[in-house]
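What follows is one structure encoded as structure tokens, with my remarks underneath.
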Amino acid sequence: MGRATEALWAGERSGHPFGAAQMPLVPAISFGYDTVESWSDVALNRAPGHIYSRNTNPTLAVLEEKMRVLEGAAAAVSFSSGMAAISNTLYTLLRPGDRIVSVTDTYGGTNRIFTEFLPRMGVEVALARTHDEEEILQEIAKGCHVLYLETPTNPTLKVLDLRKLCAAGRAVGAVVVTDNTVATPVNQNPLALGSHLVVHSASKFLCGHGDALGGILCGSEELVHQVFAYREINGAVLDPFAAYLIARGLKTLVLRVERHNSNAMTVARFLQEHPAVEDVFYPGLESHAMHAVAASQMRGFGGMLSFSLREGYSVSGVLERLHLAYRAASLGHVETFAGIPATTSHVECTAEQRAAMGIPERLIRYSVGIEDVNDLTADLAQALERP
Ligand SMILES: *Cc1c(COP(=O)(O)O)cnc(C)c1O
């Protein structure tokens with residue numbers, strides 16, 4: 001079945017309590033049994049069911065099933081946030097003395113795990129420059145337990161060649177983890193391109209409405225179960241109400257992402273022609289350094305772009321003149337959001353770290369919503385009219 005069909009029906013085919021024609025929101029933290037025998041059967045995994053919501057919960061199960069299917073995975077597990085999914089995955093896979101390879105341009109919070117928390121645990125972290133594929137391959141070839149990828153990156157929309165890098169990671173026996181938040185499973189499926197695991201911040205496109213935090217991990221039964229066992233005890237579990245909102249968001253994911261893709265393409269072309277704009281970063285543009293790779297591994301180019309202003313134009317002036325954008329952190333919501341890396345994705349980093357990551361100071365990150373696109377280009381036109 002197609003993705004739009006799957007997103008609607010996955011986890012919901014077997015019928016809901018009372019014949020309800022929507023998934024149930026089950027806030028209960030525990031589940032009762034009439035006999036000790038049936039209780040034991042569930043507790044000891046001899047029968048399906050739920051015991052305690054820090055372990056499993058029916059509403060979370062619907063969300064996990066939808067994401068499992070959308071990513072083409074054997075298993076999926078949810079978390080209280082994207083960072084919980086990422087940190088629980090890394091802390092499950094890595095031991096003191098292990099080595100991890102990644103790139104300099106990962107999400108700001110992930111970058112902090114690499115620069116601060118993993119070194120403190122005695123894990124060796126090698127961060128290659130994102131645009132330098134040779135450097136990434138050289139670091140992988142030295143050997144690593146985990147290869148951690150993210151593409152397209154946030155906020156400068158760099159693209160990594162997933163087929164090539166996943167194969168290199170597998171060749172040295174690494175577990176390859178890919179953050180697919182910016183692309184979404186509608187546009188890109190890292191597991192099909194060779195990644196062992198895929199992580200998401202569900203707070204972005206998956207939820208889509210900016211009203212629930214969450215995270216998801218998809219992959220093989222074995223690896224997902226290892227991380228699930230860590231999460232069960234360490235407790236970064238998703239709230240059922242948040243799971244309900246995210247699962248509801250997934251029902252329109254395909255429609256929304258198709259609109260995000262086409263709106264972003266139109267806005268990118270508009271900005272590319274605009275005299276106030278120095279550079280536009282969007283993998284759908286032929287001028288993007290990795291456009292061919294993006295086209296070979298993505299079905300659409302996503303809803304996020306960024307652009308830098310020419311000398312003399314004020315970032316805050318342009319941002320503050322926008323009427324149709326929340327000046328706020330986050331991305332992937334139905335409304336347009338705009339911001340600067342220093343207050344959004346890379347608020348965790350110093351100005352020097354941002355410069356080292358190649359993030360221009362006059363950069364605006366623009367998460368294109370699903371508004372009528374002519375309204376967005378008109379809004380940008382008036383905001384860019386003066387310096
Ligand atoms: C937002 C984001 C995260 C972190 O997710 P939270 O849900 O905010 O914890 C991780 N990776 C990427 C690419 C993101 O955009």
Side-chain angles (χ1 to χ4, degrees), residues 60 63 67 71 77-91 102-115 117 127 130 148-160 162 177-188 190 195 197-218 227 231 234-239 241-243 245-247 249-250 257 260 264 281 283 298 301-306 326 328-333 337-341 343-349 357 359 363 365-368:
L60 272 59
L63 167 64
M67 280 305 293
E71 282 293 10
V77 62
S78 57
F79 298 84
S80 52
S81 68
M83 284 316 302
I86 293 164
S87 59
N88 280 240
T89 301
L90 293 174
Y91 297 148
S102 189
V103 293
T104 47
D105 279 39
T106 52
Y107 178 73
T110 310
N111 188 257
R112 275 282 291 281
I113 294 183
F114 293 151
T115 56
F117 296 101
L127 301 182
T130 314
Y148 186 95
L149 306 172
E150 181 180 323
T151 179
T153 62
N154 180 357
T156 49
L157 284 300
K158 296 195 183 81
V159 168
L160 297 175
L162 284 178
V177 184
T178 304
D179 183 335
N180 202 28
T181 301
V182 172
T184 83
V186 178
N187 286 329
Q188 177 174 279
S195 193
L197 290 167
V198 49
V199 285
H200 279 279
S201 167
S203 326
K204 312 293 170 55
F205 291 97
L206 304 184
C207 173
H209 297 73
D211 49 8
L213 282 172
I216 302 275
L217 173 74
C218 302
V227 185
R231 191 220 65 187
N234 288 277
V237 65
L238 186 59
D239 180 78
F241 185 50
L245 290 173
I246 297 164
L250 286 183
V257 170
H260 283 294
F281 304 94
M298 302 178 80
F301 300 107
M304 194 175 78
L305 56 83
S306 58
Y326 281 111
S330 203
L331 61 103
H333 308 315
F337 277 59
I340 53 174
T343 57
T344 58
S345 58
H346 289 69
V347 65
E348 288 91 353
C349 306
M357 288 178 206
I359 300 173
L363 189 78
R365 189 182 78 182
Y366 193 81
S367 172
V368 189

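Everything numeric in this text was worked out from a predicted model, so none of it was measured. As the structure lists them, so they are numbered: ligands from 1, and atoms in each ligand from 1.
Note that CG of N111 is 10.0 Å distant from CD1 of I113, once rounded to the nearest 0.5 Å.
Protein residues with a heavy atom under 4.0 Å from ligand 1 are S81, G82, M83, I86, Y107, E150, N154, D179, T181, S201, S203, K204, G214, L331.
Between Y91 and F117, the distance separating the two ring centers is not shorter than 6.0 angstrom.
Note: F337 and Y326 have tilted aromatic rings, judged against thresholds of 30 and 60 degrees for the angle between ring planes.
Side chain of T184 to main chain of V186: a donor-acceptor pair is present (N/O by atom type, distance under 3.5 Å, no hydrogens or angles). Formation of a donor-acceptor pair under 3.5 Å by the T130 side chain with backbone atoms of D105 is found in this model.
Taking the ring pair (Phe, Tyr, Trp, His ring centres under 6.0 Å) definition, one finds that F79 meets it with nothing, sequence neighbours left out.
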